Number of protein chains: 2
Amino acid sequence: MPKLKRISESTISRLSRYYRALVQLDKDNYETVSSKDLANLEHLTPAQVRKDLSFFGSFGTRGLGYPVRELKDKIARILGVDQEWNVALVGIGNIGSALVSYKEFARQGFKIKLLFDNDQRKIGSNHKGIVIRDVANLTRELKDNHIEIVVIAVPPQQAQAVCDDIVKADVKAILNFAPINLKVPKGVSLRNENMAMELEHLSFCLVNDHYCEQG
Amino acid sequence: MPKLKRISESTISRLSRYYRALVQLDKDNYETVSSKDLANLEHLTPAQVRKDLSFFGSFGTRGLGYPVRELKDKIARILGVDQEWNVALVGIGNIGSALVSYKEFARQGFKIKLLFDNDQRKIGSNHKGIVIRDVANLTRELKDNHIEIVVIAVPPQQAQAVCDDIVKADVKAILNFAPINLKVPKGVSLRNENMAMELEHLSFCLVNDHYCEQG
DNA sequence: ATTTTGTTGTGAAAGCTTTCACAACATCAT
DNA sequence: ATGATGTTGTGAAAGCTTTCACAACAAAAT
Ligand SMILES: NC(=O)c1ccc[n+]([C@@H]2O[C@H](COP(=O)([O-])OP(=O)(O)OC[C@H]3O[C@@H](n4cnc5c(N)ncnc54)[C@H](O)[C@@H]3O)[C@@H](O)[C@H]2O)c1
Ligand SMILES: NC(=O)c1ccc[n+]([C@@H]2O[C@H](COP(=O)([O-])OP(=O)(O)OC[C@H]3O[C@@H](n4cnc5c(N)ncnc54)[C@H](O)[C@@H]3O)[C@@H](O)[C@H]2O)c1
């Protein structure tokens with residue numbers, strides 16, 4: 001019985017982790033799994049697992065645990081990975097190319113449909129079977145092709161302008177690799193993949209081991 | 001007067017953001033900045049900024065704000081980005097290659113010194129001026145070259161074995177791109193860059209807009 | 001001098017997340 | 001049937017993070 005409460009970022013991230021674990025358990029032909037087992041697999045606490053799941057309903061049986069396949073499917077539904085998503089990629093440089101080559105995303109339902117760049121030498125060329133389009137037509141082409149998720153992999157100076165064009169196309173989900181704080185209107189989901197920040201987190205831990213979680 | 005309290009992950013991430021903002025403000029020749037200004041730049045609250053900084057000391061002047069260059073340098077010190085770090089990269093495939101090409105990391109003090117792979121065709125070849133070494137010698141070479149941070153960019157099946165070799169070399173900081181939960185002993189800092197998880201977060205928001213922050 | 005305006009640093013309050021603890025079941029052995 | 005064992009779902013407690021609110025200053029104006 002899902003109440004209309006905000007779900008925390010950490011709960012959503014953990015759902016992804018449960019999902020990955022359940023896919024593996026299902027492959028390994030496990031029928032059921034307890035919150036304790038699932039917690040151990042992901043280095044979490046059983047109470048955390050049960051509380052996270054309880055936000056979305058009661059999926060388990062007391063005394064037995066959770067049915068693996070069923071729970072996997074339920075979480076897939078919740079995460080929206082039971083369906084296909086049309087993804088576009090803007091900026092086909094180092095990172096952009098790596099993402100296009102990565103077949104795992106497609107297998108998970110994230111289908112890279114369109115590629116964009118502003119480099120005349122790249123526009124029109126075929127990249128892993130997908131033609132690179134001119135970013136000048138970004139808004140229109142995103143609309144025409146019903147793109148639902150856009151990945152930004154352009155230099156930081158260009159990122160906000162690209163982002164604005166994406167928002168104009170009514171796209172509601174953006175994954176950004178540029179190390180910059182993009183401004184998006186309410187109703188648009190933005191996730192940042194900031195590697196510099198992760199490296200700085202690590203150097204912080206190296207310098208301040210006493211302050212840091214891992215002690 | 002730094003008390004010996006754990007610093008939260010979110011505070012550390014925000015320090016990275018303040019730092020980036022301060023670098024820009026310094027370039028733009030600003031002398032001072034208030035918690036209000038800094039908060040506006042990063043879409044945070046002034047109280048948050050002041051509280052975060054207060055964990056590490058008092059850097060501002062009442063009535064005036066913070067001296068930009070001084071605060072920048074203080075945060076650089078706290079984050080450990082006032083020094084150089086020796087970085088090694090394991091797995092020179094799509095993602096690994098993209099990281100080697102990225103000059104920004106070196107500029108920030110993260111110097112990629114060694115590359116490793118297990119593919120005989122790649123081992124010994126020169127990649128952007130760095131020779132690719134055999135991962136068989138990983139532990140010894142990490143030690144010999146005083147590597148402090150290692151980036152894992154191998155397929156998920158190989159990641160834990162690679163990780164174990166890294167830990168054996170007494171490396172205390174690991175950045176992992178493989179979509180898998182690595183097990184590391186206490187005292188080793190591990191950060192994960194999991195793009196699939198970010199995409200799933202976005203699809204969750206698309207499916208459950210009412211549950212999601214951006215509502 | 002005194003007032004006004006501006007801003008920090010921080011204890012306390014509010015809000016949010018995780019953990020605890022236990023009733024409510026389910027299964028199995030006897 | 002009954003008891004023993006195992007596990008969920010959840011309200012309450014504990015713990016953590018963010019926001020509030022204000023004293024303590026600093027500078028400038030009067
Ligand atoms: N490569 C990495 O390892 C790495 C690591 C961390 C962050 N990043 C960030 O990811 C982003 C991409 O990095 P990269 O190394 O792939 O850069 P890159 O220079 O290799 O690629 C950028 C691509 O974007 C294109 N581009 C530029 N402006 C554009 C615009 N307005 N519209 C469309 N395309 C445009 C360029 O032509 C180029 O193909 C950057 O913001 C970078 O800071 C990269
Ligand atoms: N490419 C992407 O866009 C992307 C996106 C998300 C996650 N990832 C993850 O990042 C990792 C790397 O992805 P990729 O696309 O670069 O893969 P890739 O196959 O292009 O590269 C992997 C490299 O690792 C090497 N390797 C394999 N086993 C090794 C070992 N034991 N020791 C040393 N090297 C070894 C391979 O020879 C290869 O060069 C994977 O875990 C992948 O799931 C990649």
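Everything numeric here is computed off the predicted structure, so don't read it as measured data. A note on names: the letters A, B, ... follow the listed sequences, proteins ahead of strands, and every chain is numbered from 1.
A donor and an acceptor atom never sit less than 3.5 Å apart when one is taken from the side chain of A:Arg62 and the other from the base of D:dT7.
B:Lys36 places its NZ atom 16 Å from the P atom of D:dT19, with the value rounded to the nearest Å. For the pair B:Lys51 NZ and C:dA14 P, the computed distance is 15 Å after rounding to whole Å. Look at CG on A:Asp37: it is 12 Å from C1' on D:dG6, rounded to the nearest Å. Between the P atom of C:dG9 and the CG atom of B:Asp52 lies a distance of 13 Å, rounded to the nearest Å. Rounded to an integer number of Å, the gap from CD of A:Glu42 to C1' of C:dT18 is 17 Å. In this structure, the CG atom of A:Asn40 is 14 Å from the C1' atom of D:dT7, given to the nearest Å. Whole-Å rounding puts the A:Tyr66 OH to D:dT8 P distance at 5 Å. The distance between atom CZ of B:Arg50 and atom P of C:dG6, rounded to the nearest whole Å, is 15 Å.
OP1 or OP2 of C:dT17 has not a single side-chain nitrogen or oxygen of A:Ser10 nearer than 4.0 Å. Regarding contacts with the backbone of D:dA26, every side-chain N or O of B:Thr61 stays at 4.0 angstrom or more from both OP1 and OP2. At the phosphate of D:dT17, neither OP1 nor OP2 sits under 4.0 Å from any side-chain N or O atom of B:Arg14. Taking 4.0 angstrom as the limit, B:Gln48 places none of its side-chain polar atoms (N or O) nearer than this to OP1 or OP2 of D:dT17. The side chain of A:Ser35 contributes no N or O atom lying less than 4.0 Å from OP1 or OP2 of D:dT7.
Which of C:dT7, D:dA26, D:dT19 sits closest to the side chain of B:Ser34 comes down to C:dT7.
Under 3.5 Å, the side chains of B:Asp164 and B:Gln160 contain a donor-acceptor pair of N or O atoms.
The aromatic ring centroids of B:Phe56 and A:Tyr211 lie less than 6.0 Å from each other.
Taken to the nearest 0.5 Å, the CG atom of B:Leu202 stands 7.5 Å off from the CZ atom of A:Phe110. In this structure, NZ in B:Lys103 is found 7.0 Å from CD1 in B:Ile112, a value given to the nearest 0.5 Å.
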Checking salt bridge (Lys or Arg N to Asp or Glu O under 4.0 Å) for the pair B:Glu84/B:Lys113: CA distance, chi angles, key distance, verdict?
-> CA-CA 11 Å; B:Glu84 296 200 345; B:Lys113 287 286 169 67; 5.3 Å; no
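Between A:Glu9 and A:Ala47, the residue anchored nearer the 5' end of DNA chain C, judged by the nucleotide with its closest heavy atom, is A:Glu9.
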